[in-house]
Number of protein chains: 2
Amino acid sequence: MPHSPPNKIDTTIFLEELRKRVTVPEGEFEKFLELWEFKKYKRNEFILKAGEVPEFSIFVLEGCLRQYIVNEAGEESIVYFAEERHWIGDLPAMRSKSPSAFNFQAIEECKLLVISAENWEKAFIDFPWWAQAHLTGYQKWTSMLQQKMAEMQTHTGETRYLNLLKEKPKLFQRVPQHYIASYLGISAETLSRIRKKLSRD
Amino acid sequence: MPHSPPNKIDTTIFLEELRKRVTVPEGEFEKFLELWEFKKYKRNEFILKAGEVPEFSIFVLEGCLRQYIVNEAGEESIVYFAEERHWIGDLPAMRSKSPSAFNFQAIEECKLLVISAENWEKAFIDFPWWAQAHLTGYQKWTSMLQQKMAEMQTHTGETRYLNLLKEKPKLFQRVPQHYIASYLGISAETLSRIRKKLSRD
DNA sequence: TGAATTTCTTGACTTTAGTCAACGCTTTTC
DNA sequence: GAAAAGCGTTGACTAAAGTCAAGAAATTCA
């Protein structure tokens, strides 16, 4: 069975995810990879706190992060979970060097590939396929967010819970239940009651 | 007072909006404009119905459109209002020639600039500044949608109403109140009661 | 202009979800 | 291994919002 040489990080899934979106010309991946840096975060460690200027953008090799926002009343609201193979960061804030409104925190121990603001702009010019993949990704994401918004507007918490369970079943095995509740936009108590009710039926 | 020659559409705001985002090289705007077509829609006319493949993407010169989704239960949920100077369309569906999940309807009589799928791809290659503007726009929009999602999760209908009122006051003077309710994710009756309550205080 | 349609409002009632507090259980941490 | 912290559950109560139905007001358009 093949294995990575010691001290060398496994970037297989990174290339796989790029190839899902776009054709990476022969030999360019290595050059592209040089723009990225490896980083490790401990459980519960913050990658970025709201009000800080993001220094890099992220691809998740291993682990799970949450992106959340805290409102005036101090209530947390999770807007995104990034598991392995996901991209996460606040690009508008990073590119404009302005403070982010979001918090980014490792839920588990995380292994990340990160790209600095400077390298991000460079990659964008040097690798046209990267720009392409990026744009297409954002277009889809926007459409998805709009659909999620509509779901939020028309469905009850119970339905949203069932949908998420179908969509990302693995998530429930790795993040605390009250994080799921926050992501669904319901209180932890309500989620607990929903689950109880559903287990009875 | 200057005026446009007869039969020539006024594309001033189109150029203005592009210039807000990016530097348009001298003389390129005219070439770029050739890729776009002028279209007019009557009040309540559909630009696209869910299930159809979008043939073009839109910039609004005059009027106001709504983008909405209908769920399994037949409930409408408005996800976006496009007033003049706004961009609207379902790019992922248009580019992949797959049916859109959204409906696009003119609320008022509308004057639009539209670009076909083919020309969109062409523009994207021929005008690098267009690709740049596009990407930056999508990045910001994604971030905005995430913040709107968080607002949805943590604020009451009343607060969301007040925020929208502050953000887009003109919208309330041109679209029916029950459309606003749908956009806010509350029933028309609830919005009516919120307004009554607020007018008392 | 006037009938038809759409939009908005109100009342009565139900459903959904939030809040606060308490408690048991598990996981960390020192 | 004991204390602390975090997590999930439950009860009692409150608040927010939906539903259904009826009617008033405004708008459209023929």
Side-chain angles (χ1 to χ4, degrees), chain A residues 42-46 64 66 68 71-78 105-109 149-165 171-201, chain B residues 41-45 63-64 66 68 71-78 81 105-109 149-165 171-201:
Chain A
K42 287 197 288 272
R43 186 179 139 77
N44 291 333
E45 196 175 350
F46 279 90
C64 185
R66 66 182 182 127
Y68 68 98
N71 71 10
E72 326 74 50
E75 297 159 326
E76 283 186 8
S77 170
I78 296 178
Q105 187 183 21
I107 297 178
E108 315 165 348
E109 162 150 326
M149 190 85 70
E151 192 194 18
M152 193 80 186
Q153 286 171 356
T154 56
H155 291 302
T156 63
E158 182 175 325
T159 314
R160 267 141 52 210
Y161 166 74
L162 288 170
N163 288 349
L164 185 62
L165 199 58
L171 197 63
F172 293 75
Q173 270 131 37
R174 69 196 303 186
V175 317
Q177 192 171 299
H178 67 277
Y179 282 178
I180 302 274
S182 166
Y183 181 72
L184 290 171
I186 58 182
S187 70
E189 293 95 329
T190 296
L191 179 54
S192 178
R193 282 186 255 265
I194 286 171
R195 285 164 51 86
K196 189 186 177 188
K197 180 183 162 259
L198 289 171
S199 69
R200 278 202 311 266
D201 309 338
Chain B
Y41 284 86
K42 288 197 288 272
R43 185 178 140 76
N44 290 334
E45 197 175 350
C64 185
R66 66 181 182 127
Y68 68 98
N71 72 10
E72 325 76 48
E75 297 159 326
E76 282 185 10
S77 171
I78 296 177
F81 288 112
Q105 186 183 20
I107 297 178
E108 315 166 347
E109 161 150 326
M149 189 86 68
E151 191 194 18
M152 193 79 185
Q153 286 170 356
T154 57
H155 291 300
T156 63
E158 181 174 327
T159 314
R160 268 142 50 209
Y161 167 74
L162 288 169
N163 288 348
L164 185 63
L165 199 59
L171 196 62
F172 292 76
Q173 271 131 35
R174 70 195 302 186
V175 315
Q177 192 172 298
H178 68 277
Y179 282 178
I180 302 273
S182 167
Y183 181 72
L184 290 171
I186 59 183
S187 69
E189 293 95 327
T190 296
L191 179 54
S192 176
R193 282 185 255 265
I194 286 171
R195 283 163 53 86
K196 188 185 178 189
K197 179 182 163 259
L198 289 171
S199 70
R200 278 202 313 267
D201 309 338

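Sequence lines set the chain letters: A, B, ... in the order given, protein chains first and strands last, and positions in each chain run from 1. Computation of the quantities below employed the complete heavy-atom set of this structure, encompassing side-chain atoms and omitting hydrogens, waters and symmetry-equivalent molecules.
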Task: B/Ser77 and A/Gln153: side chain donor to acceptor below 3.5 Å - done: yes

Open item on the list: Need two values: the first and the last nucleotide of DNA chain C, 5' to 3', having an atom under 4.0 Å from any heavy-atom of chain B.
Closed with: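 Range of nucleotides within reach of chain B: C/dT7 to C/dA12.
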
Would you kindly give the [atom1]-to-[atom2] distance between [X] and [N], to the nearest whole Å?
| X | N | atom1 | atom2 | answer |
| --- | --- | --- | --- | --- |
| A/Phe172 | D/dC7 | CZ | C1' | 16 Å |
| B/Asn44 | D/dT27 | CG | P | 15 Å |
| B/Lys196 | D/dA24 | NZ | C1' | 13 Å |
| A/Leu198 | D/dT9 | CG | P | 12 Å |
| A/Leu184 | D/dG8 | CG | P | 13 Å |
| A/Lys197 | D/dT10 | NZ | P | 15 Å |
| B/Glu189 | D/dA21 | CD | P | 12 Å |
| B/Arg195 | D/dA17 | CZ | C1' | 18 Å |

Task: B/Arg160 side chain to B/Glu151 backbone, donor-acceptor under 3.5 Å - done: no

TODO: Output yes when at least one side-chain N/O atom of A/His178 is less than 4.0 Å from OP1 or OP2 of D/dG6, else no.
DONE: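 Looking at the OP1 and OP2 atoms of D/dG6, neither is under 4.0 Å from any side-chain N or O of A/His178.
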
Task: Phosphate OP1/OP2 of D/dG6: any A/Gln177 side-chain N/O under 4.0 Å - done: no

Closest contact, heavy atoms only, [X] versus [Y]:
| X | Y | answer |
| --- | --- | --- |
| A/Pro176 | A/Ile107 | CD-CG2, 4.3 Å |
| B/Gly157 | B/Ile186 | CA-CG2, 4.1 Å |
| A/Cys64 | A/Leu171 | SG-CD1, 4.5 Å |

Open item on the list: If you take any heavy atom closer than 4.0 Å to DNA chain C, which residues from residues 153-162 of chain A end up in contact?
Closed with: A/Thr156, A/Gly157

TODO: Decide yes or no for A/Leu198 and A/Glu158: does some side-chain heavy atom of the first lie under 4.5 Å from some side-chain heavy atom of the second?
DONE: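 Contact flag for A/Leu198/A/Glu158 side chains = yes.
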
Open item on the list: Does any part of the side chain of A/Thr156, heavy atoms only, come nearer than 4.5 Å to the side chain of A/Thr159, both counted from C-beta?
Closed with: yes

- [ ] Could you tell me the separation between the CD atom of A/Glu76 and the CZ atom of A/Arg66, rounded to the nearest 0.5 Å?
- [x] 4.5 Å

TODO: Would you mind telling me which residue lines up with the more 5' stretch of DNA chain D, A/Arg43 or A/Arg193, judged by nearest nucleotide?
DONE: A/Arg43

Which of the following nucleotides, [options], is nearest to the side chain of [X]?
| X | options | value |
| --- | --- | --- |
| B/Glu75 | D/dT9, D/dC29, D/dT19 | D/dT19 |
| A/Pro176 | D/dG8, D/dT19, D/dT9 | D/dG8 |
| B/Thr190 | D/dC20, D/dG11, D/dA17 | D/dA17 |

Open item on the list: Can you tell me how the ring of B/Tyr161 sits relative to the ring of B/Phe172, calling it parallel under 30°, perpendicular over 60° and tilted otherwise?
Closed with: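 Taking B/Phe172 first and then B/Tyr161, their aromatic rings stand perpendicular (interplane angle over 60°).
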
